[in-house]
Amino acid sequence: MTNEPTPVAAGDAHLRSAESAAAGSSPAGTTGPGTLLTIDNIEVIYDEVILVLRGMSLGVAEGKIVALLGSNGAGKSTTLKAVSGLLPSEQGEIASGRITFAGEDITRLDPADRVRRGLSLCMEGRHIFGHLTVAENLQAGGYTASAKEDRLDFVYEFFPKLADMRSRTAGFLSGGEQQMLAIGRALMANPKLLMLDEPSLGLAPLLVEEIFSTIARLNAETGLTVLVVEQNAQTALSVAHHGYIMERGRIMLDDEAGALSQNPDVKEFYLGIGAGDKKKSYRDVKHYKRRKRWL
Amino acid sequence: MSTFVSLFIYGLSEGAILALAALGFVLIYKATGVINFAQGEFLLIGAYTFYTAFVILRLPIVVAALVGVVAAVIIGVLVERFILRPMVGQSHISIIMVTIGLAGLLSALVQMFFGTQPRSMPPLFPRNQLEILGAHIPANRLWVLLVAGIVLTLLTLFFQRSKHGIAMRAVADDQQAAMTVGISVRRVFALSWALAAVSALIAGILLADVTTVEMNLVNFGLLVFPVVILGGLDSVPGTIVGGLTIGLISQFVAGYLDPGLAEVAPYIVLVLILLVRPYGVFGEKRIERV
Ligand SMILES: Nc1ncnc2c1ncn2[C@@H]1O[C@H](COP(=O)(O)OP(=O)(O)OP(=O)(O)O)[C@@H](O)[C@H]1O
Ligand SMILES: [Mg+2]
């Protein structure tokens with residue numbers, strides 16, 4: 001359990017760094033040519049009053065794995081919902097800013113059209129179709145795809161376990177199997193960018209490793225671009241190329257993944273490793289944070 | 001024995017029609033969560049549309065049936081688009097009230113155009129008497145059973161196997177997840193209403209062939225409720241078994257006990273089911289571990 005991050009109370013960690021001053025506009029190194037997804041300074045409001053994203057910007061370069069980290073309630077899931085067009089189904093809206101995918105403005109596009117253009121989301125909590133079989137879940141995943149049979153072969157090859165369980169009712173699979181199915185279902189649409197919202201949620205450490213090595217393999221073998229939201233910062237940064245740290249609805253810090261996992265603030269708040277490499281108690285961290293509070 | 005056989009066949013044919021009408025109700029409930037109190041009126045509208053095309057406009061039977069299907073699809077889609085969609089997010093009670101209002105509107109429209117006189121339709125199927133195990137059965141009863149059986153089988157296959165059937169079940173399961181795989185929830189809603197109207201149309205035509213075209217068809221539509229409660233509201237096979245069961249029960253009660261009692265027997269079943277097994281005999285057990 002040593003690499004578990006120290007628990008951080010919601011909205012309690014506020015990082016300040018040189019980079020974060022510039023983070024409001026467009027983060028360096030990740031926009032421009034070769035950028036598949038650009039989130040440009042968006043504001044998201046729920047129920048017409050709750051402002052959740054305040055000038056959120058982020059870029060995902062083609063062929064890379066990008067990790068989006070942050071404490072509970074920072075707005076990570078909201079960011080992914082904004083990109084996949086799910087906000088209207090939750091009384092949320094993008095009040096300002098722009099989202100560009102493969103060079104086209106998709107800010108107000110219908111969710112189905114986004115899937116057709118190659119954007120797939122695996123929601124937090126898996127959300128598999130519990131009453132459908134494994135095979136039917138995958139068929140539903142290929143709803144927009146043209147070469148469905150090829151995709152099915154590909155997914156079964158990638159997750160041989162799913163092939164063995166194809167006629168089982170999905171709701172009765174274990175958590176790890178359901179996560180595999182959720183990823184397989186998203187892959188059925190033949191995405192260019194796969195977005196994963198906390199794929200490790202509720203899984204045992206060994207399974208978490210398995211999920212992330214699957215993500216790394218997908219990226220290495222097929223060139224799939226991945227944007228992954230995670231609480232499990234260390235594991236996520238170990239496979240990611242680039243990482244973003246989000247607090248209170250905006251990006252506070254972003255860097256190349258290796259550098260980010262060496263960053264003292266990140267170590268302290270997300271990886272649970274103190275300055276002297278000894279694990280600090282939650283109380284100490286909280287105290288220290290109070291001094292570093294910047295708002 | 002011959003009484004038993006004829007009651008059995010009458011019960012099955014009526015039950016199959018009932019299952020068709022109820023299937024429409026279940027499709028809507030399953031995919032959209034709406035309890036459609038206007039399903040009986042869909043049946044009525046279907047029967048009168050077909051009557052208009054076939055008897056008044058003298059179109060050939062196949063063309064008349066196609067006209068009926070097109071009209072049913074249009075009515076289903078319009079109802080979804082302009083009556084139900086604006087109600088998304090409203091309470092269950094308001095939505096039920098809206099479908100009750102819709103039921104009133106549809107039956108008033110039929111009365112306005114056609115009056116309350118029963119209309120007779122030329123027979124759609126041969127009516128020669130067949131002898132089966134000593135019982136004399138008019139052939140059209142068997143035809144009705146055959147057609148209803150084929151349509152029920154096709155609808156079930158559509159639901160279980162086809163891309164759009166799976167999409168409908170996916171939406172019934174988890175709307176947001178369905179959106180993430182690119183299924184248009186609106187289109188699935190429209191499709192459910194259209195299919196419900198078409199299955200009601202076919203039920204209406206078959207029923208009109210064994211009875212007459214009249215306002216009373218609505219009362220038959222009310223029998224949808226005992227059927228779906230018995231079948232568990234969200235199960236397609238359950239609805240079919242429920243329809244056949246209710247059809248058989250009312251025929252046997254009418255034949256062996258009392259025709260008056262047969263009118264209420266389905267509702268007695270309804271109350272008993274609600275007391276004993278509220279999720280029906282075939283209702284999906286909710287999977288909680290998701
Ligand atoms: N549908 C909604 N309506 C109103 N407020 C919402 C809605 N969804 C999220 N929020 C609020 O927006 C904020 C950000 O939520 P979000 O789910 O994006 O956070 P998160 O970073 O994914 O957190 P977690 O790590 O806990 O999943 C929270 O304060 C939450 O209460
Ligand atoms: Mg979240």
Side-chain angles (χ1 to χ4, degrees), chain A residues 80-81 83-91 110-133 135-145 148 169-175 177-178 181-182 184-191 194-195 197 202, chain B residues 26-27 29-33 85-90 156-192 231-239 279-280 282-290:
Chain A
L80 296 194
K81 284 175 192 160
V83 175
S84 53
L86 293 187
L87 289 177
S89 67
E90 296 191 1
Q91 272 71 51
D110 188 69
D113 285 330
R114 301 184 200 217
V115 176
R116 264 180 226 109
R117 284 173 197 222
L119 254 174
S120 284
L121 169 68
C122 263
M123 294 177 77
E124 185 177 334
R126 308 188 267 272
H127 282 264
I128 46 117
F129 301 121
H131 295 99
L132 273 57
T133 64
E136 287 168 342
N137 266 273
L138 295 178
Q139 264 174 286
Y143 184 77
T144 59
K148 222 167 286 185
T169 302
F172 295 122
L173 302 187
S174 75
E177 292 159 351
Q178 288 192 0
L181 178 58
R185 185 181 68 183
L187 290 175
M188 285 297 295
N190 201 5
L194 177 64
M195 296 186 288
D197 197 347
Chain B
V26 167
L27 289 187
Y29 177 74
K30 214 172 141 79
T32 74
R85 200 181 298 169
M87 297 294 294
V88 167
Q90 303 286 329
T156 310
L157 283 178
F158 168 83
F159 214 51
Q160 295 299 332
R161 300 278 162 79
S162 80
K163 170 180 164 172
H164 293 286
I166 290 176
M168 285 176 77
R169 283 159 60 215
V171 168
D173 218 76
D174 189 327
Q175 280 185 23
Q176 259 196 341
M179 288 182 193
T180 67
V181 298
I183 295 169
S184 161
V185 173
R186 280 186 201 161
R187 213 172 297 162
V188 164
F189 281 15
L191 179 64
S192 320
L233 273 175
D234 56 4
S235 155
V236 172
T239 307
Y279 43 88
F282 301 90
E284 263 178 5
K285 284 177 203 72
R286 290 277 150 225
I287 297 175
E288 293 300 348
R289 76 169 298 158
V290 178

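The chains referred to below are lettered A, B, ... by the order of the sequence lines, with proteins before strands, and numbering in each begins at 1. Quick note: numbers below take in every heavy atom, side chains included, and nothing from hydrogens, waters or symmetry partners.
Of all the listed residues (A:L121, A:L119, A:N137, A:L86), the one sharing the greatest number of non-hydrogen pairs under 4.5 Å with chain B is A:L86. In terms of heavy-atom pairs under 4.5 Å with chain A, the best-connected choice from B:A178, B:A177, B:A167 is B:A177. Contact count versus chain B (heavy atoms, under 4.5 Å) is highest, among A:A189, A:A145, A:S120, A:G141, for A:G141. Considering only heavy-atom pairs separated by less than 4.5 Å from chain B, the leading option among A:M195, A:Q91, A:M123 is A:M123.
Interatomic distance, A:D110 CG to B:M179 CE, rounded to the nearest 0.5 Å: 8.5 Å. Atom OG1 of residue A:T133 and atom CD of residue B:Q160 lie 9.5 Å apart, to the nearest 0.5 angstrom. The distance from atom CG of B:D174 to atom CG of A:L132, rounded to the nearest 0.5 Å, is 11.0 Å. Summarising the geometry, atom CZ belonging to B:R169 is positioned 9.0 Å from atom CD belonging to A:Q139; distances are rounded to the nearest 0.5 Å. Remark: B:R161 CZ to A:E136 CD distance equals 9.0 Å, nearest 0.5 Å. Residue A:H131 holds its NE2 atom at 6.0 Å from CG of B:D173, rounded to the nearest 0.5 Å.
A:Y143 and B:K163 make their closest contact through O-NZ, 3.0 Å (heavy atoms, listed as atom of the first residue, atom of the second, distance).
Other residues, nucleotides and ligands contribute only 12 or fewer heavy atoms inside 6.0 Å of the CZ atom of B:R187. The number of heavy-atom neighbours closer than 6.0 Å to CZ of B:F159, taken from other residues, nucleotides and ligands shown, is above 12.
Of the atoms belonging to A:R116, it is side-chain heavy atoms, and not backbone ones, that fall under 4.5 Å from chain B. Contact of A:A140 with chain B is made through backbone and side chain together, with heavy-atom distances under 4.5 Å.
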